Amino acid sequence: MCGTENRFVEEIDYGTPAVKSDKTVTLTVDGQSVTVPEGTSIMRAAREAGVTVPKLCANDMVKSFGSCRLCLVEIEGRNGTPASCTTPAADGISVSTKTDRLNAIRRGVMELYMSDHPADCAACAAGDCEMAHMAETVGLSQNRYGMDGANHLAPAADDHGINFKELDVSNPYFAYDPAKCIVCSLCVRACEEQQGTFALTVEGRGFESRITAGMDEPFLQSECVSCGACVQACPTGALQEKSVIEIGMPDHSEVTTCAYCGVGCSFKAEMKGEEVVRMVPYKDGKANRGHSCVKGRFAYGYATHKDRILNPMIREKISDPWREVTWDEAYAHVASEFRRIQHQYGRGAVGGITSSRCTNEETYLVQKLVRQGFGNNNVDTCARVCHSPTGYGLKTTFGTSAGTQDFDSVEEADVVLIIGANPTDGHPVFASRLKKRLREGAKLIIVDPRRIDLVRMPHVEASYHLPLRPGTNVAVLTALAHVIVSEGLFDEAFVRERCDWDEFQDWASFVLQPENSPEAVEKASGVPAELIRGAARLYATGGNSAIYYGLGVTEHSQGSTTVMAIANLAMATGNLGRPGVGVNPLRGQNNVQGACDMGSFPHELPGYRHISEDATRAIYESLWGVKLDDEPGLRIPNMLDAAVEGSFKALYVQGEDILQSDPNTHHVAAGLEAMECVVVHDLFLNETANYAHVFLPGSTFLEKDGTFTNAERRINRVRKVMEPKNGFADWQVTQEMARAMGRDDWNYTHPSEIMDEIAATTPSFAGVTYDLLDREGSVQWPCNEKAPTGTPVMHIGGFVRGKGKFVRTAYVATDEKVGPRFPLLLTTGRILSQYNVGAQTRRTENVVWHDEDLLEIHPFDAENRGIRDADWVKLKSRSGETSLRARITERVAPGVVYTTFHHPATQANVVTTEYSDWATNCPEYKVTAVEVSPSNGPTEWQEDYDAHAKKSRRIVHVEAAE
Amino acid sequence: MSHDKKFNSGKQHLVYMANQIATFFTSQPGDEAAENVADHINKFWEPRMRRHLFEIIERGGDGLSPLVLKAADSIRRPQAA
């Protein structure tokens with residue numbers, strides 16, 4: 001399974017997309033009989049019959065176009081030589097793909113192409129150019145036209161050169177060489193149909209027609225989002241990864257899973273030796289279906305960045321420089337410190353934080369180390385600060401702490417309601433799949449304080465945008481319910497059958513109360529009542545309605561209530577239990593779902609079973625041979641509180657940067673500073689490591705085997721394609737730590753054995769094995785006897801908890817209020833090119849798109865404060881202040897400002913507060929009252945912080961002792 | 001404004017969080033609000049937090065909502081540290 005035999009993953013290109021139809025047709029292709037759905041192209045039917053028709057301008061990701069004239073075929077009884085990509089298969093026809101006539105035509109066509117193709121095409125030589133392949137396939141051996149005359153190859157002294165365009169290397173990741181382009185338009189169609197950005201076009205006519213980005217701009221200046229779909233589609237090497245140009249073609253590859261957002265795209269990691277040549281989206285990947293975004297496709301350079309720390313380090317005090325040590329020294333040091341601290345301060349004085357970026361297997365081991373090794377439940381994960389309310393809210397209402405659908409479901413949605421999410425930036429591949437469905441006619445409702453791109457962009461226009469004031473989600477959602485109930489738009493049959501009818505009636509009477517009417521809610525939310533009414537009617541009556549939401553829902557003091565309000569809406573309108581509908585949390589990090597599933601919360605064992613359940617504890621007690629604590633452990637904010645109080649002294653943090661990502665930086669710093677042994681296990685000396693005593697180097701997703709579970713509960717394989725640069729996968733490091741602490745019962749030799757333990761102890765994972773994942777590609781949990789290949793859509797025919805539970809969702813205004821001193825509301829989010837705290841993406845070329853965090857402010861608010869675009873401004877809240885540059889934009893409403901948190905220099909969390917969700921303590925990142933004023937540059941605190949960070953990152957290198 | 005600065009102490013924060021929980025369950029139907037508050041705290045609050053809560057209650061429960069005080073009987077007493 002972890003064998004090192006090299007393979008190259010080849011995918012079949014069927015030439016044109018699959019067609020869905022109830023009817024089939026049967027034809028023969030070169031004598032082979034084949035039956036295909038009606039509407040299938042002859043090209044695809046031929047491929048299914050095992051016959052490959054030569055082609056350049058077609059692939060099975062985009063609609064056929066019929067421009068290259070290579071795929072011509074003859075059909076018995078019909079005239080001419082139609083293009084097989086644009087001609088539908090018909091019942092009873094007999095198709096020939098290889099005749100002398102066809103061969104002659106194809107050779108003629110290829111000869112013309114090659115007469116205008118660079119003789120020194122590097123892509124041809126490298127084997128990455130379909131032109132060379134096709135020339136060979138059709139038997140082209142001559143060029144009777146020569147290279148003289150009008151062409152696209154070089155600037156000419158005479159006006160023949162008008163067709164020449166310069167090489168465009170503006171994009172950091174790919175080059176566009178127009179000389180190699182045959183204007184087949186595959187890139188244009190990929191940009192339109194796969195990505196949905198419409199950045200590319202064919203300009204000019206006839207011989208003068210050229211592919212251009214934007215308004216004939218360099219790619220980087222155009223609206224191109226660098227998803228890579230055009231590069232993948234290009235058959236000629238005109239669009240090519242710079243890495244291929246630099247390194248050459250890959251010689252082996254493996255299918256693996258992206259380590260960025262919760263979409264969990266499958267990629268082929270294409271390698272040359274130990275080096276990644278490129279990441280190519282995998283068509284069989286069920287989350288992404290062959291598409292990608294700039295992060296997963298291109299931003300993997302952090303894996304080999306010079307900042308990576310490859311040797312373990314320790315120091316006595318956090319003011320000391322780091323000292324490199326051997327792994328054994330580091331393990332021994334951690335073990336003795338944790339033992340000392342537990343002896344001195346009690347068993348509960350230590351804990352761990354699991355990573356939503358690491359694999360399920362690694363996460364499972366960290367919580368096992370805490371529960372079995374430390375003997376307490378002080379384990380938490382970054383989901384605390386993002387989707388913990390999703391877990392609470394959906395478990396309460398439906399019975400399962402997860403989204404209800406797969407991503408394919410969006411293809412059957414008629415109405416999509418997006419609240420508190422910005423998919424084109426945060427979950428771009430899902431956004432592309434959504435935009436495709438919107439272009440087919442689905443309607444869109446957006447509930448967001450900002451005018452996010454999806455409100456209006458090429459070929460997308462939301463039917464409704466409800467620009468609510470931050471913090472009023474519950475009021476607006478309950479008002480939507482008010483309209484649905486008062487106008488009788490609910491699905492009574494569904495509710496009576498699947499939900500508790502009494503609870504529904506109570507809820508209905510609650511939402512009908514006058515304070516929940518759109519008119520009443522308009523005052524608090526600022527959303528015109530008519531918009532609320534219109535949106536509610538569309539959601540309730542538009543057919544299959546699906547809700548997608550993000551951290552704009554959860555990161556509020558009423559985050560859990562908002563999730564339940566969303567669940568109420570879906571239940572009331574019967575939008576659950578089938579494809580095209582449902583409640584879909586868009587998860588932030590690649591494995592945040594998995595981290596939650598694996599028992600990372602202090603009150604839950606794997607599979608969301610409460611620690612107080614005797615039967616569940618008994619399973620682990622007998623397997624692990626210890627008595628487990630039946631009390632919930634400390635959550636991240638509690639750990640910090642307890643540290644400041646003096647009762648919590650040591651923390652093992654795997655793959656998390658709590659100093660940068662958690663609210664109220666001053667409080668986090670104080671907590672960390674009060675601890676006696678902070679162990680950071682990460683790729684880089686992150687911000688948290690400034691307060692660490694031990695640093696254990698981590699490994700990237702390219703360097704280990706394992707699984708990630710994405711937002712649709714899909715368990716995807718992560719496959720090792722290179723040796724860990726630091727020497728060990730993260731699961732191995734955790735294991736060695738456990739062994740150093742005396743747990744010599746830890747003897748895993750491969751992550752598949754950890755998954756076997758998970759499956760043996762967790763009912764929803766009972767059927768999961770690496771063999772199954774290799775066979776099926778991926779499965780969605782629950783995966784067990786009842787669902788041997790997983791569960792794409794949940795709650796079919798009934799809810800996991802039995803009857804769906806309606807919960808009253810009374811609106812409680814946050815105590816974080818604007819006033820004279822802090823008159824603006826700050827909300828936070830992400831942008832496309834950066835990811836989370838930026839530890840990875842800042843160490844890639846993605847910085848060309850976003851090299852600093854900017855504060856978006858409405859022109860009205862800016863003018864009142866004398867702020868001009870790009871000015872430095874001071875952002876001040878009751879918690880703290882920071883400085884950054886302003887961007888003046890109408891995307892934010894007056895009274896609202898917005899920023900990202902990708903850069904440590906900005907430290908946006910210096911200003912966020914300690915208010916948190918009532919149920920889960922998920923911090924209220926999305927609402928902070930602030931004032932903005934002109935400033936000269938970074939604040940004193942930022943400068944101090946920067947100096948402190950530089951000081952705390954000093955490393956004393958010692959010569960390796962042999 | 002009372003919320004014009006951060007919580008001065010962990011205890012103030014704890015009182016605030018307990019009251020937030022009480023506010024939610026007060027809004028729910030039925031007469032089990034106190035039990036629900038206690039159940040929520042038992043499920044999610046680690047012993048140290050519950051110990052602090054009892055200390056606050058024993059000192060008069062200053063700032064705690066009446067529902068939290070009513071729930072106190074059903075909140076599991078942590079074992080001595």
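Naming convention: chains lettered A, B, ... in sequence-line order (proteins, then strands); numbering from 1 in each chain. Please read these numbers as outputs of a predicted model, since none were measured by experiment.
- Atom CG of A/Asp917 sits about 11.5 Å away from atom CE of B/Met17, to the nearest 0.5 Å.
- The closest side-chain heavy-atom distance from B/Met49 to A/Arg635 is below 4.5 Å.
- Looking at A/Glu645, only its side chain comes within 4.5 Å of chain B, counting heavy atoms on both sides.
- Looking at B/Asn42, only its backbone comes within 4.5 Å of chain A, counting heavy atoms on both sides.
- Between B/Arg76 atom CZ and A/Ser612 atom OG the span is 6.5 Å, to the nearest 0.5 Å.
- Across all their heavy atoms, A/Ala810 and B/Ser27 have their closest contact at CB-CB, 3.7 Å.
- Residues B/Arg48 and A/Asp641 form a side-chain contact, since some pair of their non-hydrogen atoms from C-beta on lies under 4.5 Å apart.
- With a threshold of 4.5 angstrom between heavy atoms, A/Asp506 approaches chain B through side-chain atoms but not through N, CA, C or O.
- When the shell of 6.0 Å around NZ of B/Lys43 is examined, it contains 12 or fewer heavy atoms from other residues, nucleotides or ligands.
- Here the side chains of B/Gln20 and A/Tyr915 are not in contact, with every heavy-atom distance at 4.5 Å or above.
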Please report the C-alpha distance between B/Arg50 and A/Glu631 in whole Å, then the side-chain angles of each, then the deciding distance to 0.1 Å, and finally whether the side chain to side chain contact (heavy atoms under 4.5 Å, CB included) criterion is met.
CA-CA 11 Å; B/Arg50 301 206 308 274; A/Glu631 284 277 17; 2.5 Å; yes

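- No other option in A/Gly346, A/Gly633, A/Pro602 has as many heavy-atom pairs under 4.5 Å with chain B as A/Gly633.
- Using a 4.5 Å cut-off between heavy atoms, A/Val644 makes no contact with chain B at all.
- For A/Ala929, no part lies under 4.5 angstrom from a heavy atom of chain B.
- Looking at A/Asn377, there are no atoms closer than 4.5 Å to chain B (heavy atoms on both sides), in backbone or side chain.
- The minimum heavy-atom distance linking B/Glu46 with A/Pro632 is given by the pair CB-O, 3.0 Å.
- The contact between A/Asp630 and chain B is made by backbone and side chain atoms together, counting heavy-atom distances below 4.5 Å.
- Using a 4.5 Å cut-off between heavy atoms, A/Tyr392 touches chain B through its side chain atoms alone.
- The aromatic rings of B/Phe24 and A/Trp918 sit parallel to each other, their planes meeting at less than 30°, with 60° as the upper class boundary.
- Neither the backbone nor the side chain of A/Ser560 comes within contact range of chain B, judged by heavy atoms closer than 4.5 Å.
- Relative ring orientation between B/Phe44 and A/His603 is described as perpendicular, the plane-to-plane angle rising above 60° on a 0-90° scale split at 30° and 60°.
- In this structure, A/Lys395 places its NZ atom where more than 12 heavy-atom neighbours from other residues, nucleotides or ligands lie under 6.0 Å away.
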